[in-house]
Amino acid sequence: MQRTNNDSRSTIKIPGTEAHFLDPLESGKGGPGRLRYLSGGKGPALVLLHTVRTQAEHFRHLIPLIKDRYTVYALDLPGMGYSEIVPGASYEESAMREAVKSLITRLDLRDVTLLGESMGATLALTTAADLPERVRRVVAINAYDYAGGIARSSLLARFVVTGALAPVVGTTIAGVQPKPIVRAVLHGGLGDTAALRDDYLDELLKVGRRPGYPVVARAVYGNLPSLIAARARYPEVRAPVHLIYGETDWSRPSDRQANQQLLPATEFVQVPGAGHFIVLERPDVAAKVLNDVA
């Protein structure tokens with residue numbers, strides 16, 4: 001574990017946190033590479049897992065609400081944020097889950113609460129299935145584990161994802177990120193569009209200009225079906241689970257009901273008016289759930 005210096009480059013600072021890197025145990029092609037995470041606070045361990053195409057700063061408004069109750073570890077998933085981009089790396093659910101497990105086991109975190117949103121929610125649940133002796137609770141927000149996903153949000157989002165997956169030109173399309181287009185796509189996941197702050201959007205665009213990032217974005221989109229397949233692991237989760245959904249999330253009522261059936265010992269919350277990115281627009285909801293059970 002090494003503390004970062006100015007090369008972390010994030011333009012967003014979350015008071016009370018510091019950035020660190022977790023170096024890989026083995027070097028070589030195909031592994032997750034160097035992982036960046038933010039940490040701070042006091043109390044039992046809380047690992048935060050972000051959405052598709054975002055990063056640890058996704059939790060910038062949640063962390064201040066819970067850092068007096070938890071020691072927070074907000075991970076940049078492989079290739080995303082400022083984690084290392086490794087040529088040939090896998091972005092299937094199982095590979096990203098291994099990165100989450102690496103953070104937990106190498107830092108020897110125990111009595112862990114996992115909170116994830118979207119893709120991060122699915123990873124939180126499957127990680128809990130793999131590490132029952134270390135995970136005490138899961139908060140899964142708008143789990144991304146159904147067909148269609150972001151393409152359900154708007155015609156524009158469907159065009160962007162379809163274009164990024166196209167043969168030959170897909171990587172080029174994935175690398176084209178006009179600010180108005182990215183803003184419009186993200187607005188499709190919000191009930192309150194004012195929750196997308198310009199400085200956060202600028203940070204996401206800055207990260208998107210990292211060398212190799214279009215390949216990562218394309219690979220992540222291409223491996224989203226592995227998140228759907230990962231639902232088969234949900235019945236193995238032994239920790240208590242809180243399922244949180246936005247009223248206007250991309251998931252359908254049938255998707256939510258299906259997860260309740262796979263995870264029968266869950267508490268279910270639906271947030272009126274909220275969309276897919278609840279951590280951005282209603283961080284107080286997640287904070288209440290976490291603080292009530294701390």
Side-chain angles (χ1 to χ4, degrees), residues 1-2 4 7-10 19-38 47 49-58 73-107 116 118-124 126-127 129-131 144-145 149-151 160-177 182 203-230 232-233:
M1 179 180 70
Q2 299 178 357
T4 66
D7 70 357
S8 67
R9 301 188 304 277
S10 178
H20 303 266
F21 283 114
L22 190 69
D23 289 322
L25 290 174
E26 299 179 3
S27 60
K29 183 176 179 180
R34 203 174 186 220
L35 298 171
R36 173 186 178 257
Y37 65 96
L38 306 178
V47 174
L49 304 173
H50 60 79
T51 73
V52 174
R53 180 54 183 89
T54 64
Q55 60 195 76
E57 282 78 10
H58 188 72
Y73 301 85
L75 177 66
D76 279 348
L77 290 166
M80 288 169 262
Y82 295 99
S83 286
E84 184 180 1
I85 295 173
V86 178
S90 171
Y91 295 95
E92 290 190 356
E93 182 276 333
S94 58
M96 291 189 287
R97 180 180 1 120
E98 286 302 316
V100 178
K101 290 164 57 180
S102 178
L103 176 79
I104 293 171
T105 57
R106 292 185 58 195
L107 298 183
S118 186
M119 173 176 68
T122 302
L123 293 173
T126 57
T127 298
D130 277 2
L131 298 177
Y144 196 122
D145 53 14
I150 190 173
V160 169
V161 173
T162 302
L165 294 175
V168 184
V169 299
T171 300
T172 300
I173 293 174
V176 176
Q177 301 183 86
V182 177
E203 170 67 18
L204 295 179
L205 292 169
K206 182 172 180 286
V207 165
R209 292 191 291 271
R210 293 177 63 200
Y213 199 89
V215 175
V216 174
R218 185 170 188 259
V220 170
Y221 291 140
N223 283 294
L224 291 177
S226 69
L227 297 174
I228 302 170
R233 301 292 313 281

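In what follows, residues are counted from 1 in the order of the sequence shown.
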For the pair [X] (side chain) and [Y] (backbone), establish whether a donor and an acceptor sit closer than 3.5 Å, ignoring hydrogens and angles.
X     : Y      : value
Arg9  : Val207 : no
His50 : Leu77  : yes
Gln55 : Gly81  : no

Roughly how far, to the nearest 0.5 Å, is [atom2] of [Y] from [atom1] of [X]?
X      : Y      : atom1 : atom2 : answer
Arg210 : Glu84  : CZ    : CD    : 8.5 Å
Thr126 : Leu131 : OG1   : CG    : 9.5 Å
Arg218 : Asn223 : CZ    : CG    : 11.0 Å
Tyr82  : Leu38  : OH    : CG    : 11.0 Å

Looking only at heavy atoms, which two atoms of [X] and [Y] are closest? And how far apart?
X      : Y      : value
Tyr91  : Ala219 : CD1-CB, 3.6 Å
Thr122 : Leu227 : CG2-O, 3.8 Å
Thr51  : Thr54  : OG1-OG1, 2.8 Å
Met96  : Met119 : CE-SD, 3.5 Å
Pro32  : Ala99  : CB-CB, 4.4 Å
Leu107 : Leu22  : CD2-CD1, 4.3 Å

Which residues share a side chain to side chain contact (heavy atoms under 4.5 Å, CB included) with Ser83, sequence neighbours left out =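 Side chain to side chain contact (heavy atoms under 4.5 Å, CB included) check on Ser83 returns Leu35, Arg36, Asp76.
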How would you list all residue pairs meeting salt bridge (charged side-chain N to carboxylate O under 4.0 Å, His left out) that involve residues 91-103, not counting sequence neighbours?
->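 Non-adjacent pairs meeting salt bridge (charged side-chain N to carboxylate O under 4.0 Å, His left out): Glu93-Arg97, Arg97-Asp130, Glu98-Lys101, Lys101-Asp130.
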Could you check whether the rings of Tyr37 and Tyr73 sit parallel, tilted or perpendicular, using 30° and 60° as the cut-offs?
->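 Taking Tyr73 first and then Tyr37, their aromatic rings sit tilted (interplane angle of 30° to 60°).
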Does some side-chain heavy atom of Val182 sit less than 4.5 Å from a side-chain heavy atom of Arg53?
->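 A side-chain contact under 4.5 Å is absent here.
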